[in-house]
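What you see below is based on every heavy atom in this structure, not just the backbone, and it leaves out hydrogens, waters and symmetry mates. Convention: sequence-line order gives letters A, B, ...; per-chain numbering from 1. What you are looking at is a predicted structure, and each value in this text was computed from that prediction instead of being measured.
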Amino acid sequence: MRFSKYLIFTLREDPKDAEVISHKLMIRAGLVYKEESGLYGYLPIGFRVYNKVVNIIREEMNRAGAIEVLPTILTPASLWIESGRYDIMGKEMIRIKDRKDNWLVLGPTHEEAFTDIVRRTVSSYKQLPLTLYQIAKKFRDEIRPRFGVMRCREFTMKDAYSFDIDEKGLDESYNKMREAYIRIFKRVGLNALPVEADVGSMGGTRSEEFMVFSSVGEATIIHCPTCNYYANVERAESILKDDDVVENETMGELKEVDTPNVFTIEDLTKFFNTSPKKFIKTIIYMADGKPVAVLIRGDLDINEVKLKNYLGAAELELATPEIIEEVTGAKVGFAGPVGLKKEIRVIGDFSIKNIKNAITGANKTDKHIINVNINRDFEVKEFADIRTAKAGDICKNCGGSLEETKGIEVGHIFKLGYKYTESMNVTVLDKSGNRIHPIMGCYGIGVDRTIAAVIETSNDEKGIIWPITIAPFECVIVPIATKDEKIMEISNKIYEELLSKNVDVAIDDRDETVGVRMNDLDLMGIPFKIIVGKKAINENKIEVKRRDNGQTYEIPVSEAVDEIISIIKEEYKKYEA
RNA sequence: CGGGGCGUAGCUCAGAUGGUUAGAGCGCAUGCCUUGGGAGCAUGAGGUCCCCGGUUCAAGUCCGGGCGCCCCGACCA
């Protein structure tokens with residue numbers, strides 16, 4: 001590619017509306033442009049990177065035995081009604097009405113579509129196992145798109161769906177995908193770790209997210225440095241440091257105390273001059289429309305994902321002030337387990353089991369009660385782990401001290417189960433001629449997010465530093481003076497030869513000063529610059545300069561092509577899976 | 001949906017208290033000169049000051065309403 005005839009669009013300054021590094025650099029290096037919030041298009045340089053990532057994913061999926069298909073992105077509402085998700089998905093799903101007034105959905109995910117493909121084409125156990133995939137656009141009307149390409153409304157995803165006759169088969173299909181993912185992320189230069197994830201209302205049995213540790217990540221990961229336990233905070237379990245400490249206090253007398261305008265645990269702690277651990281927080285939730293009281297120790301946080309799973313609820317939200325008043329008989333801030341006005345389901349987190357002489361809301365406005373004791377003053381029928389694990393907690397596996405980090409979720413693999421094959425009635429005949437539902441797994445990789453994650457973890461003050469495997473070009477030739485015939489002659493010769501040997505090379509022959517061109521190439525993250533300058537004329541030598549550490553090799557012109565090829569080959573080895 | 005910030009040239013921004021023909025840097029075009037890390041000189045093009053309404057002799061500037069963008073939170077198969 002000759003840059004003089006290409007579309008290079010770089011910016012010298014950070015765009016105003018970008019906050020995170022990857023977003024700034026993707027715009028500045030001319031990889032993408034923003035059409036509007038959450039909608040990004042790829043420019044030529046970005047599209048080259050995109051294609052390289054897609055190709056690596058495709059190669060590894062094929063290697064793992066998955067088969068590529070191309071379903072429709074516009075899907076009929078009927079598919080979604082069948083699976084029961086038409087109503088559940090809510091506003092995130094983009095719906096369009098066609099000219100005949102039929103509703104269509106721009107696929108936000110494709111379980112239904114792939115299940116439909118299998119329903120149409122598979123009828124015997126002999127055709128299984130089967131893993132199908134696509135690399136295509138997804139549409140989700142996100143409440144808040146952000147961080148450029150990281151969370152947007154239209155994005156590219158590789159999604160695969162496996163179909164097996166039994167759980168054992170699913171385990172194998174799942175593991176194949178898991179292996180493929182590890183290879184893919186290695187090859188694109190990402191350090192992505194599988195982390196235990198929430199299986200949630202999907203009803204699956206196992207789920208892992210591939211996380212890239214980064215401060216801009218939206219997910220919180222709980223990590224044990226001793227035994228390498230990694231889990232999304234949504235499902236992480238831990239042991240409290242002081243879980244088993246039974247206080248020796250004798251039970252005091254239950255007593256109401258006036259606490260006007262004291263609401264938060266922090267304020268209450270000051271007011272009573274005690275520790276937050278002496279409080280039992282009582283939070284009222286609405287689970288599928290029914291109020292539930294949840295009790296947890298004052299210094300801890302409720303994990304709503306765990307709670308939702310425990311309750312088996314489809315919808316879980318904090319109760320409104322009106323409902324809280326109705327349930328407790330008091331204004332918000334004074335709920336407690338003793339003397340709730342209405343009989344409702346009460347769930348206790350394990351953390352409240354051993355609190356002696358606790359302080360709780362009195363279910364009367366502006367009043368708390370002290371010396372509250374479980375089993376004497378109130379009973380809890382249901383105990384569960386509904387606490388958010390946090391740094392400093394004890395690892396349930398090895399007793400180590402847990403740490404917290406942020407992660408970007410670049411992939412997600414999931415044992416789905418029978419949800420879709422049952423709801424959409426997919427069956428195959430097994431060996432004995434019985435109709436059985438295949439069991440499913442689903443596996444996703446966010447292509448755009450993967451690109452952003454690479455940039456987020458590999459950049460410097462000059463710009464992007466691409467791994468050679470997904471760089472827009474492997475190397476770019478820079479003729480120091482574009483009007484010098486001799487320099488151009490040498491440059492063009494090397495360029496043509498490299499091209500003929502299938503090197504992904506470009507020549508930056510734009511009528512710009514060397515400084516401008518070098519800086520652009522650094523911004524774009526080109527792994528190797530091939531500089532043809534005075535030395536080429538005087539000493540018959542060209543220079544190859546590395547983007548990552550600035551190291552420069554001087555190479556005689558006659559050996560340039562072979563040497564460049566071998567340097568590039570060597571570089572690829574770093575990313576071999 | 002709540003809180004905060006912003007909206008003026010392709011980009012990044014300046015335009016107190018309302019007042020002529022709305023500015024800068026970069027970018028862009030043309031010419032000269034240049035090319036070892038964002039050169040110099042000259043000339044030039046480029047504006048719905050987010051939109052609608054109001055106040056006023058006069059609005060980029062003040063008032064009301066709306067729209068859009070960014071960040072935090074809520075939310076997120």
Answer yes if the side chains of A:Tyr42 and A:Asp448 hold a donor-acceptor pair under 3.5 Å, and no otherwise. yes

Side chains of A:Tyr418 and A:His437: do they bring a donor and an acceptor to under 3.5 Å? no

When rounded to the nearest 0.5 angstrom, what is the spacing between OH in A:Tyr40 and NE2 in A:His23? 3.0 Å

Show your reasoning for whether ring-ring contact (aromatic ring centres under 6.0 Å, His included) applies to A:Phe528 and A:Tyr553. CA-CA 10 Å; A:Phe528 296 104; A:Tyr553 317 97; 7.1 Å; no

Considering just the side-chain nitrogens and oxygens of [X], establish if one lies under 4.0 Å of OP1 or OP2 belonging to [N].
X: A:Arg85; N: B:rA77; value: no
X: A:Arg12; N: B:rG27; value: yes
X: A:Thr513; N: B:rG37; value: no
X: A:Arg146; N: B:rC72; value: yes

Sorted by position of nearest nucleotide on RNA chain B, 5' first, the leading residue of A:Arg153 and A:Glu142 is A:Arg153

In terms of the nearest nucleotide of RNA chain B, which residue is placed more toward the 5' end: A:Leu523 or A:Pro479? A:Pro479

Indicate, with a heavy-atom threshold strictly under 4.0 Å, whether [X] touches base, sugar-phosphate, or nothing.
X: A:Ile531; result: base
X: A:Phe147; result: sugar-phosphate
X: A:Glu234; result: nothing
X: A:Asp520; result: base

Under-3.5 Å donor-acceptor pair between [X] side chain and [N] base:
X: A:Arg140; N: B:rC76; value: no
X: A:Arg28; N: B:rG38; value: yes
X: A:Lys16; N: B:rG5; value: no
X: A:Glu543; N: B:rG36; value: yes

Is the distance from the ring center of A:His110 to that of A:Tyr420 below 6.0 Å? no

Test applied, side chain to side chain contact (heavy atoms under 4.5 Å, CB included); reference residue, A:Pro108; option that passes from A:Arg85, A:Arg153, A:Glu142, A:Met89: A:Met89

Stems involving RNA chain B: give each as a range paired with a range, ordered by first number, where a stem means at least three consecutive Watson-Crick or G-U wobble pairs under 3.5 Å. B:1-7 with B:67-73, B:10-13 with B:23-26, B:28-32 with B:40-44, B:50-54 with B:62-66

